[in-house]
Amino acid sequence: MKMTFPDPMTGKRFNSYGNFMKRKFGRRVVKISLNGGFDCPNRDGTKGTGGCTYCSGAGSGDFAGDPRMSIADQFNAGKSLVEAKWGKDVLYIPYFQANTGTYAPTDRLRRLYEEALLQKDTVGLAISTRPDCISEETADLLSELSERTYLTVELGLQTIHDATAERINRCHSYADFLKGFEMLRSRSINVCVHIINGLPYETREMMLGTVRTLSALGIQGIKIHLLHILRGTKMAEQFLAGEFGVMDMEEYTETVCDQIELLPEDVIIERLTGDGAGSELIAPLWSRNKKTVLNSIDKELRRRNTVQGAKYAKTEPPVIFP
């Protein structure tokens, strides 16, 4: 889809998720975070234990639903909160957010996904998972669903750099990511990739290298997160011991704007910063004011007079890092 920046309706200088969905469906579209009761192979011993060093006990699902509730009840609880804020003229994407959303037998996955799609005013489905938890059988199921609804599979990559992956105990390689990504894209399934800025010992050029590589691969969406240091995590122990520092807001803002310039204009930017559970957040404390962070990014893009894709090199080959 040919994009025009700044957006004539909102003034946005990038392809934001909200604007994209409103153009596609004609109304506001909101994700309802669900918890399917999934585990993670990096917690149960299949790939590792303890999870990624930054990950909370909720498995990145701090704001997802209660797994003791049915999918329908979780959805309706979330929908009530949305209606209280935005009214009833809203459409919904059920979002399996907590832990690894494809880490279960295919028959269980089908049952959970189908229940989510039955909910009123639902126009699609989003599933967050690890790239090493995409099997051919699972990919076939997802392909079937993508022919019936607007499906996005979110893959947790965080970084293309395997040395960083080892430090954060990710327990899958960049090669594993490529394998899972290819299984999805060979079936024309939309893929949104999660990355994290500020991982220990990563330079800005390393963070930009991750985005350059993803841009060349042909992703459909991206979520850019800020590293949060959360209580009770291994990373919190390392941070409090002085092993590494965190980004300040100016550094983060400049890095994100650099990344936006490198992304193809049609890539949907679903997130530009993350949410750390307030009571658990150790650092960076400036990230608590999400609106200020987002305004800072918008302001820097205007100052540069730049837009998404301004420095995207279409002919640049994928960058493969050890």
Side-chain angles (χ1 to χ4, degrees), residues 1 15 17 20-21 24 31 33-34 36 38-42 46-47 52 59-60 93-114 116-117 122-160 162 165 170-196 210-225 263-264 266-271 317-320:
M1 180 187 299
N15 188 17
Y17 180 78
F20 173 84
M21 296 301 274
K24 184 174 182 63
K31 286 184 178 180
S33 294
L34 304 173
F38 299 109
D39 204 337
C40 175
N42 197 9
T46 301
K47 287 292 185 73
C52 297
S60 298
I93 301 282
Y95 175 32
F96 287 95
Q97 180 181 23
N99 282 306
T100 306
T102 59
Y103 190 47
T106 309
D107 57 348
R108 182 182 171 213
L109 296 177
R110 181 183 293 278
R111 175 169 49 82
L112 290 169
Y113 300 160
E114 294 287 4
L117 288 171
T122 290
V123 293
L125 184 68
I127 301 164
S128 182
T129 190
R130 289 169 58 97
D132 58 343
C133 288
I134 303 292
S135 67
E136 294 288 350
E137 186 178 16
T138 300
D140 286 342
L141 169 61
L142 295 172
S143 177
E144 177 189 326
L145 294 174
S146 71
E147 294 175 0
R148 296 163 38 202
T149 193
Y150 180 73
L151 173 70
T152 301
V153 177
E154 301 184 10
L155 294 182
L157 174 63
Q158 322 317 344
T159 176
I160 61 170
D162 282 346
R170 191 178 65 187
C171 292
H172 72 74
S173 66
Y174 177 60
D176 292 328
F177 166 81
L178 290 176
K179 182 178 178 181
F181 177 79
E182 176 57 28
M183 276 195 281
L184 296 171
R185 290 304 300 143
S186 66
R187 294 166 171 84
S188 300
I189 296 168
N190 295 319
V191 175
C192 173
V193 181
H194 293 214
I195 66 170
I196 297 178
T210 290
V211 170
R212 285 192 182 96
T213 299
L214 294 176
S215 294
L217 286 177
I219 61 174
Q220 286 65 60
I222 191 168
K223 283 187 174 180
I224 303 174
H225 296 257
L263 287 165
D266 60 345
V267 170
I268 306 162
I269 299 179
E270 295 205 17
R271 178 166 297 209
V319 181
I320 307 300

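At a threshold of 4.5 Å between non-hydrogen side-chain atoms, the residues Thr152 and Ile93 do not count as touching. Side-chain contact check for Phe96 versus Thr129: every heavy-atom pair is 4.5 Å or farther apart. Using a 4.5 Å heavy-atom threshold, the side chains of Asn190 and Ser146 count as separate. Leu217 has its side chain within reach of Phe177: a pair of non-hydrogen atoms, C-beta onward, lies under 4.5 Å apart. Residues Tyr113 and Leu141 have side chains in contact (heavy-atom distance under 4.5 Å, counting atoms from C-beta outward). Using a 4.5 Å cut-off on side-chain heavy atoms (C-beta onward), Val267 and Asn15 make no contact.
The CG atom of Leu145 sits 6.0 Å away from atom CD of Glu114, with the distance rounded to the nearest 0.5 Å. Here CG of Leu178 is found 14.0 Å from CZ of Arg185. Values are rounded to the nearest 0.5 Å. Here CG of Leu263 is found 11.0 Å from CZ of Arg212. Values are rounded to the nearest 0.5 Å. One finds the CD1 atom of Ile269 at 13.5 Å from the NZ atom of Lys223 (value rounded to the nearest 0.5 Å). With rounding to the nearest 0.5 angstrom, the CG atom of Leu155 is 10.0 Å from the CD1 atom of Ile219.
Closest non-hydrogen pair, His194 versus Gly156, comes out as CB-CA, 4.1 Å. Closest approach of Gly124 to Leu117, counting heavy atoms only: O-CD2, 3.6 Å. The two residues Gly101 and Ile127 have their closest heavy-atom pair at O-CG2, 3.6 Å. Annotation for Leu112 and Gly36: closest pair CD1-O, 3.9 Å, computed over non-hydrogen atoms. Residues Asn99 and Cys40 share a closest heavy-atom pair of OD1-CB, 3.9 Å. Taking every heavy atom of both residues into account, Ser128 and Gln97 meet most closely at CB-O, 4.0 Å.
Side chains of Thr213 and Tyr174: no donor on one and acceptor on the other come within 3.5 Å.
Of the charged side-chain nitrogens involved, none lies within less than 4.0 Å of a carboxylate oxygen, so that Glu154 and Arg271 do not count as a salt-bridged pair.
For Thr102 (side chain) and Cys133 (main-chain N/O), a donor-acceptor pair under 3.5 Å exists by modelled atom type. Looking at Arg170, its side chain does come within 3.5 Å of a backbone N or O of Thr159 through a donor-acceptor pair. Formation of a donor-acceptor pair under 3.5 Å by the Gln220 side chain with backbone atoms of Val191 is found in this model. Panel note: side chain Thr210, backbone Ile160; a donor-acceptor pair is recorded below 3.5 Å. A donor-acceptor pair is defined here as one N or O able to donate and one able to accept, closer than 3.5 Å; no such pair exists between the side chain of Thr138 and the backbone of Ile134. In this structure a side-chain-to-backbone donor-acceptor pair under 3.5 Å is missing from Asp132 to Asp176.
Atom CD of Glu144 has more than 12 heavy atoms from other residues, nucleotides or ligands within 6.0 Å.
The side chain to side chain donor-acceptor pair (under 3.5 Å) check on Ser143 picks up nothing, with sequence neighbours excluded. Shown here are the side chain to side chain donor-acceptor pair (under 3.5 Å) partners of Asp39, two or more places apart in sequence or in another chain: there are none. In this structure His172 satisfies the ring pair (Phe, Tyr, Trp, His ring centres under 6.0 Å) test with no other residue, sequence neighbours excluded.
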Checking side-chain contact (heavy atoms from CB on, under 4.5 Å) for the pair Leu157/Phe181: CA distance, chi angles, key distance, verdict?
CA-CA 10 Å; Leu157 174 63; Phe181 177 79; over 6 Å; no

Worked check of side-chain contact (heavy atoms from CB on, under 4.5 Å) between Cys52 and Asn42:
CA-CA 7 Å; Cys52 297; Asn42 197 9; 3.9 Å; yes

Salt bridge (charged side-chain N to carboxylate O under 4.0 Å, His left out), that's the test. Do Asp140 and Arg187 meet it? Break it down for me.
CA-CA 8 Å; Asp140 286 342; Arg187 294 166 171 84; 2.9 Å; yes

Yes or no on side-chain contact (heavy atoms from CB on, under 4.5 Å) for Lys24 and Val123, after CA distance, side-chain angles and deciding distance?
CA-CA 11 Å; Lys24 184 174 182 63; Val123 293; over 6 Å; no

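The aromatic rings of Tyr150 and Phe20 sit tilted, their planes meeting at an angle between 30° and 60°.
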